[in-house]
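Reminder, nothing fancy here: chain letters follow the sequence lines and each chain counts from 1. Bear in mind the structure is a predicted one, so any value in this text is a computation, not a measurement.
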2 protein chains.
Amino acid sequence: MTEALENEPVIASTIADTVCSKLQSAIVEGIIPAGSKISEPALANEFGISRGPLREALSRLEACNLIERKPNVGARVVTLTRQHLVEIYLIRESLEGLAARQAAENMSDKDINELDALLEKHQQQIKQDQSYYQKEGDMDFHFRIIKGSKNSHLIDMFSNDLYHLIRLYRYQFGMVSKRVPRAFVEHGQIVDAIRQHDGELAQFLMSRHIRSSRINVEKMLDEHLAITD
Amino acid sequence: MTEALENEPVIASTIADTVCSKLQSAIVEGIIPAGSKISEPALANEFGISRGPLREALSRLEACNLIERKPNVGARVVTLTRQHLVEIYLIRESLEGLAARQAAENMSDKDINELDALLEKHQQQIKQDQSYYQKEGDMDFHFRIIKGSKNSHLIDMFSNDLYHLIRLYRYQFGMVSKRVPRAFVEHGQIVDAIRQHDGELAQFLMSRHIRSSRINVEKMLDEHLAITD
DNA sequence: CATATCATAATTGTCGACAATATAGTGATA
DNA sequence: TATCACTATATTGTCGACAATTATGATATG
């Protein structure tokens with residue numbers, strides 16, 4: 001609860017901020033479909049704002065890699081290709097391994113207890129409804145570990161860039177894997193390693209966890225087995 | 001030479017683009033000192049442009065982590081702390097290890113030959129003038145490997161973010177290490193591994209190379225031995 | 001009929017002015 | 001004297017209009 005207060009010190013948000021958030025959600029959830037062109041006048045009209053703050057929001061979306069802009073031409077929503085997805089997984093394999101290692105070194109007992117609680121909560125959710133865990137819960141866990149690393153630059157990289165792309169992929173490809181039970185077990189192993197402050201082990205387990213996930217995804221993509229349960 | 005043409009298809013640069021580049025250089029080279037406040041009217045005046053494109057440039061600088069912006073308050077040039085520097089080194093250790101691995105898998109023979117040529121050139125430069133190699137040459141080498149990974153997202157992350165921060169650190173702390181000869185040897189080992197397409201080895205060597213560099217930097221920072229040769 | 005050229009329309013980039021917010025300085029009060 | 005409140009100033013955020021560039025479609029020509 002202390003955290004909750006610290007995380008939102010003061011929210012002096014500008015129009016560009018709120019619009020950027022809304023657009024992030026809209027793109028991730030596919031409301032603005034992948035590959036579609038973005039018209040500045042149209043969007044500005046829709047939000048009832050001027051083009052100035054909208055352009056600033058677009059700048060940030062470009063930094064998030066959610067849109068691509070060409071000078072004097074315009075912006076398009078990014079389309080996630082298979083190759084790009086693999087690239088992101090490889091990066092996660094590498095970076096989240098580091099995050100787990102630093103989390104094992106830097107997380108406080110309180111942090112770890114909260115992580116445990118999250119795991120417990122996920123177990124409940126899985127019994128009731130796998131889909132939530134698959135879409136957002138898994139992300140919650142991974143993000144928690146990133147934050148636990150206390151590596152501010154690492155946290156930044158995920159918050160501004162990778163986080164949205166991963167969510168985008170989940171919505172866009174929207175396939176349900178049989179790995180959920182297995183992934184949950186692996187999450188438990190990672191937390192154990194962190195609790196023992198075994199950085200090396202945590203790194204190894206996290207890297208392998210994501211690698212397995214990647215291989216699973218590659219297989220599903222190859223077999224065109226999206227949405228097949 | 002094919003590459004050279006492909007890399008610069010057409011340069012339809014906007015004002016925001018060029019100003020952003022100039023500001024990047026100015027900040028990295030310390031012309032705009034670390035921690036200094038950025039006044040939008042003043043800067044716009046200096047460049048002879050309006051505040052519109054300047055703000056867009058500032059948005060990108062924020063994405064590069066070269067400045068920090070607070071709503072309704074303004075922008076300040078980032079000041080690189082010791083902790084932040086260590087964070088970046090840890091990230092490089094992780095990411096450039098991955099880059100080396102993928103470079104070993106994906107670099108063509110032509111790419112590798114060019115890498116060899118670069119190494120050769122560096123050897124000449126070291127004999128004449130260590131300082132260039134220290135400041136930019138080393139960066140050239142590392143960036144070349146990143147590009148060699150053919151991992152577009154990885155390349156993006158470095159081009160937009162880490163690259164500038166690393167250069168900033170070099171200028172800001174501006175210390176000369178005795179590791180130059182050793183580092184050069186390690187570069188050679190890495191290229192060898194890449195030539196043999198031994199991804200695992202390349203990854204190991206690159207990670208260790210950066211780790212050594214980090215430890216060296218930490219030691220120098222602890223001893224307050226900046227500028228001491 | 002296909003291609004090239006040119007004029008038109010639409011979109012993006014840029015500018016200057018106004019509104020909203022934060023900072024600095026002054027004066028009043030405990 | 002220190003602290004608080006308030007005013008004045010300066011800076012940032014937002015807007016609407018204009019300029020520059022690109023995309024579109026019609027027309028002419030081989």
Side-chain angles (χ1 to χ4, degrees), chain A residues 8-24 26-27 31-79 160, chain B residues 6 8-27 31-79 160:
Chain A
E8 328 280 348
V10 155
I11 323 174
S13 62
T14 162
I15 291 184
D17 272 317
T18 66
V19 167
C20 178
S21 291
K22 288 183 185 176
L23 285 176
Q24 280 177 338
I27 292 174
I31 297 172
I32 304 179
S36 62
K37 180 161 177 10
I38 286 180
S39 161
E40 294 184 3
L43 256 189
N45 231 306
E46 195 164 326
F47 282 107
I49 63 174
S50 156
R51 273 180 57 220
L54 178 73
R55 280 172 66 84
E56 179 135 355
L58 291 182
S59 279
R60 297 187 204 172
L61 291 180
E62 188 184 18
C64 296
N65 286 301
L66 286 179
I67 66 173
E68 287 172 351
R69 276 174 120 180
K70 285 181 195 169
N72 292 312
V73 173
R76 303 195 84 89
V77 177
V78 77
T79 61
N160 296 334
Chain B
E6 288 168 9
E8 329 279 351
V10 154
I11 324 174
S13 62
T14 162
I15 291 184
D17 273 316
T18 66
V19 167
C20 178
S21 290
K22 287 182 185 174
L23 285 176
Q24 280 175 337
S25 300
I27 291 175
I31 297 172
I32 304 179
S36 62
K37 178 157 176 16
I38 286 181
S39 160
E40 293 184 3
L43 255 190
N45 231 307
E46 195 164 325
F47 282 108
I49 63 173
S50 156
R51 274 179 57 220
L54 178 73
R55 281 172 65 84
E56 178 135 355
L58 292 183
S59 277
R60 296 188 204 174
L61 292 180
E62 188 185 18
C64 295
N65 287 301
L66 287 179
I67 67 173
E68 287 172 351
R69 275 175 120 181
K70 284 181 195 168
N72 293 313
V73 174
R76 302 195 86 88
V77 177
V78 77
T79 60
N160 296 334

Donor-acceptor contact present, side-chain B/Arg69 to main-chain B/Ala75, <3.5 Å: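 No, the answer is negative, given that no donor and acceptor are paired below the 3.5 Å cut-off.
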
A/Asn72 and B/Thr14: CA distance, side-chain angles, deciding distance, side-chain contact (heavy atoms from CB on, under 4.5 Å) verdict: CA-CA 8 Å; A/Asn72 292 312; B/Thr14 162; over 6 Å; no

Spacing of [X] atom [atom1] and [Y] atom [atom2] [to the nearest 0.5 Å]:
X	Y	atom1	atom2	value
A/Ile31	A/Ser36	CD1	OG	12.0 Å
B/Glu68	B/Asn65	CD	CG	8.0 Å
B/Leu66	B/Leu58	CG	CG	11.0 Å

Rounded distance in Å - [atom1] ([X]) to [atom2] ([N]):
X	N	atom1	atom2	result
B/Arg69	D/dG13	CZ	P	6 Å
B/Phe47	C/dT14	CZ	C1'	16 Å
B/Glu40	D/dT11	CD	P	11 Å
A/Ile38	C/dA10	CD1	C1'	17 Å
A/Asn45	D/dT14	CG	C1'	16 Å
B/Asn72	C/dT21	CG	P	7 Å
B/Ile15	D/dT21	CD1	P	10 Å

Options C/dT12, C/dT14, D/dT14, nucleotide nearest the side-chain atoms of A/Pro41: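 Of the options given, the side chain of A/Pro41 lies nearest C/dT12.
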
Of the listed nucleotides D/dA23, D/dT14, C/dC15, the one nearest the side chain of A/Ala16: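 Among the listed nucleotides, the one closest to the side chain of A/Ala16 is D/dT14.
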
Presence of B/Lys37 side-chain N/O under 4.0 Å of D/dT12 phosphate oxygens OP1/OP2: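 Answer is yes, contact under 4.0 Å.
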
Under-4.0 Å side-chain N/O to phosphate OP1/OP2 contact, B/Thr14 with C/dT14: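 Yes.
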
For DNA chain D, the residues among residues 48-61 of chain A that have a non-hydrogen atom under 4.0 Å from it: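 Here the set is A/Ile49, A/Ser50, A/Pro53.
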
Any B/Arg60 side-chain heavy atom under 4.5 Å of B/Asp17 side chain: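 In contact.
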
Sole candidate of B/Ile15, B/Leu23, B/Thr18 that passes side-chain contact (heavy atoms from CB on, under 4.5 Å) when paired with B/Phe47: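 In the set B/Ile15, B/Leu23, B/Thr18, the residue that makes a side-chain contact (heavy atoms from CB on, under 4.5 Å) with B/Phe47 is B/Leu23.
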
